[in-house]
Amino acid sequence: MAQIKPLTAELQKIAIDELGEVPERIPEDLLALKTWIRQQPHLRARDDDQFLIQFLRGCKYSLEKAKVKLDLYFSLRTKYPEMLAVYDVDDAKFKEVFHLGCFTLLPTPLNENGPRILFYQYNYDATKMTIEEMYNPTSAMLELTILTDPYAGIHGLVYIFDMAKATTRHILQLTPNVCKRAVTYLEKSLPLRVRGVYFINVPNAALRIVKFITSLCSEKIQKKIYVLGHSVMDLTQYIPLKYLPIDYGGENGLLRDLNRQYFKRFEQYRDYFRENAQYGTDESLRVGENFDLDGLYGVGGSFRQLVVD
């Protein structure tokens, strides 16, 4: 019997209707994925039922797509640990970065039982920290989301990027390689559906970067990306005000408090993240064609000229 958390009747129906889930076949589907993992000499992946089922759900039960997504998930974490690997939630740097509150998961999903909302602000000093460091605790949040959040697991995520506090230094950190890495992680390896991406308060200097980021996404995701104006009311055309943070006039939690409360989850999963140190990939042992991660991110240079202009 599969060791997974039961869904509510409503979410289970959506999993069946939209994701192709067949509840009585779940043990068989999980076994097929576990068997494949054991046959890969290069791959050391978690085989917890709750972890793996999200890769099946995120790929609408296409075993082949789930294999690729799972492989890429661990390959990226191995290749870019400074951005995507978290092993010690008690680490002073990890705590410092997380408590800046750049990324916040809002407590009430959209429309009460829809996608989870992830809110991003540029709340860090770009003269002292990098954007890769900002993404590091976010990758830990998203891994816990895979494990513990049925709304995100079935409906997916809505991303809101508020660039009101973005300075020229922040924008310069958004190099083509960083942009491509983030897009590949969020779209290609994370088993959570992207339901909408909203940019607000975008400085003129960042418009071309946002356009570049959009170009990196699949056509399907491009249709879900919106660059809005400088008023929160522009956002409420898509996200009703009550589902935005209190900081923005909504009812969906105060960002500072949510950040502080969320850290308790990391403490509850302290041992889980320590175990993560044993998982990853070894490309020298891969059978067949290697993942060309450098090729995926083979866009050099920066946007310095764009920003200066």
Side-chain angles (χ1 to χ4, degrees), residues 33 36-48 51-52 54-55 58-59 64-89 91 93-94 97-98 102-103 118 120 124 129-147 157 159 172-192 194 209 212-213 215-218 221 269 272-303:
L33 188 53
W36 175 81
I37 291 171
R38 288 194 292 269
Q39 294 171 344
Q40 308 311 306
H42 73 285
L43 178 61
R44 302 181 309 280
R46 282 190 170 276
D47 62 0
D48 316 44
F51 180 76
L52 291 183
Q54 189 53 49
F55 281 84
C59 295
E64 294 309 308
K65 290 181 180 179
K67 291 175 183 178
V68 173
K69 193 173 283 281
L70 184 71
D71 197 348
L72 185 56
Y73 183 87
F74 285 99
S75 296
L76 290 174
R77 192 159 75 182
T78 300
K79 179 76 171 180
Y80 302 105
E82 72 286 352
M83 182 173 176
L84 301 174
V86 174
Y87 308 132
D88 183 6
V89 297
D91 177 74
K93 183 70 171 182
F94 177 86
V97 173
F98 176 78
C102 291
F103 286 90
L118 180 62
Y120 177 69
Y124 70 98
M129 297 181 180
T130 67
I131 197 165
E132 289 94 334
E133 290 174 315
M134 295 305 105
Y135 268 95
N136 186 256
T138 308
S139 69
M141 290 176 65
L142 291 172
E143 183 154 355
L144 287 190
T145 300
I146 290 172
L147 288 171
L157 287 167
Y159 297 88
L172 288 173
Q173 289 185 355
L174 290 167
T175 64
N177 278 340
V178 166
C179 293
K180 202 159 190 181
R181 193 181 310 171
V183 167
T184 303
Y185 169 67
L186 294 173
E187 181 182 355
K188 302 297 184 184
S189 81
L190 198 67
L192 300 168
V194 178
I209 297 176
F212 174 74
I213 292 171
S215 74
L216 298 174
C217 299
S218 67
I221 300 301
Y269 281 83
Y272 174 93
F273 283 105
R274 286 174 178 166
E275 292 171 3
N276 269 350
Q278 64 187 291
Y279 302 115
T281 59
D282 183 343
E283 291 302 320
S284 69
L285 299 177
R286 184 185 291 273
V287 176
E289 186 176 352
N290 286 357
F291 266 146
D292 183 12
L293 296 181
D294 289 326
L296 284 174
Y297 309 126
V299 183
S302 73
F303 290 108

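In what follows, residues are counted from 1 in the order of the sequence shown. Quick caveat: nothing in here was measured; it's all calculated off a predicted structure.
In this structure, L70 and W36 have side chains that are in contact, with non-hydrogen atoms separated by less than 4.5 Å. Between V183 and K188, every side-chain heavy-atom pair lies at or beyond the 4.5 Å cut-off. Looking at Y279 and F74, their side chains come closer than 4.5 Å, going by heavy atoms from C-beta outward. At a threshold of 4.5 Å between non-hydrogen side-chain atoms, the residues T184 and L216 do not count as touching. Residues M134 and V97 meet the side-chain proximity criterion, which asks for heavy atoms closer than 4.5 Å. Side-chain atoms of V86 and D91, non-hydrogen and from C-beta on, never get closer than 4.5 Å to each other. When side chains are defined from C-beta on, E133 counts as touching T130, because their heavy atoms get closer than 4.5 Å. At a threshold of 4.5 Å between non-hydrogen side-chain atoms, the residues P176 and R181 do not count as touching.
Rounding to the nearest 0.5 Å places OH of Y185 at 9.0 Å from CG of L76. Atom CZ of residue F212 and atom SG of residue C217 lie 10.5 Å apart, to the nearest 0.5 angstrom. Atom CG of residue L84 and atom OG of residue S139 lie 5.5 Å apart, to the nearest 0.5 angstrom. Separating the CZ atom in R38 from the CG atom in L33 is a distance of 10.0 Å, to the nearest 0.5 Å. Atom CG of L186 is separated from atom CG of L157 by 9.0 Å, given to the nearest 0.5 angstrom. If you take CG on L190 and OG1 on T145, they are separated by 8.0 Å, rounding to the nearest 0.5 Å.
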Open item on the list: Go through it in stages, so that I can follow the logic: the residues are I37 and L52, the test is side chain to side chain contact (heavy atoms under 4.5 Å, CB included), and I'd like the CA-CA distance, side-chain angles, deciding distance and then a yes or no.
Closed with: CA-CA 11 Å; I37 291 171; L52 291 183; 3.9 Å; yes
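For N136, there are no side-chain hydrogen bond (donor to acceptor under 3.5 Å, both in side chains) partners at least two apart in sequence or on another chain. Listed by chain and residue number, E143 satisfy the side-chain hydrogen bond (donor to acceptor under 3.5 Å, both in side chains) test with Y73 (two or more places apart in sequence, or in another chain).
Side-chain atoms of Q173 and Y124 form a donor-acceptor pair, as typed in the model, at a separation below 3.5 Å. With no hydrogens or angles considered, a side-chain donor-acceptor pair links D282 and S284 at under 3.5 Å. For the residue pair Y272 and R46, a side-chain donor N or O sits within less than 3.5 Å of a side-chain acceptor on the partner. Side-chain contact of S218 with E187: a donor-acceptor pair under 3.5 Å is present, judged by distance alone.
For the pair T78 (side chain) and T281 (backbone), a donor-acceptor distance under 3.5 Å is present. Remark: side-chain polar atoms of E132 are not paired, donor with acceptor, to backbone N or O of M83 under 3.5 angstrom.
For NZ of K67, the number of neighbouring non-hydrogen atoms (other residues, nucleotides, ligands) closer than 6.0 Å is greater than 12.
Residues T175 and L172 share a closest heavy-atom pair of CG2-O, 3.7 Å. Nearest approach of A85 to R77, heavy atoms of both residues: CB-CG, 3.5 Å. Shortest non-hydrogen contact noted between C59 and K69 is SG-CE, 3.6 Å. Shown here for L192 and L142, the closest heavy-atom pair between the two residues is CD1-O, 4.3 Å. When all heavy atoms of Y135 and A182 are compared, the pair lying nearest together is OH-CB, 4.0 Å. Between S75 and R286, the closest heavy-atom pair is OG-NH2, 3.4 Å.
Two rings, from F273 and Y87, have their centers 6.0 Å or more apart.
Classification of K93 and D88 as a salt-bridged pair fails, no side-chain N sitting under 4.0 Å from a carboxylate O.
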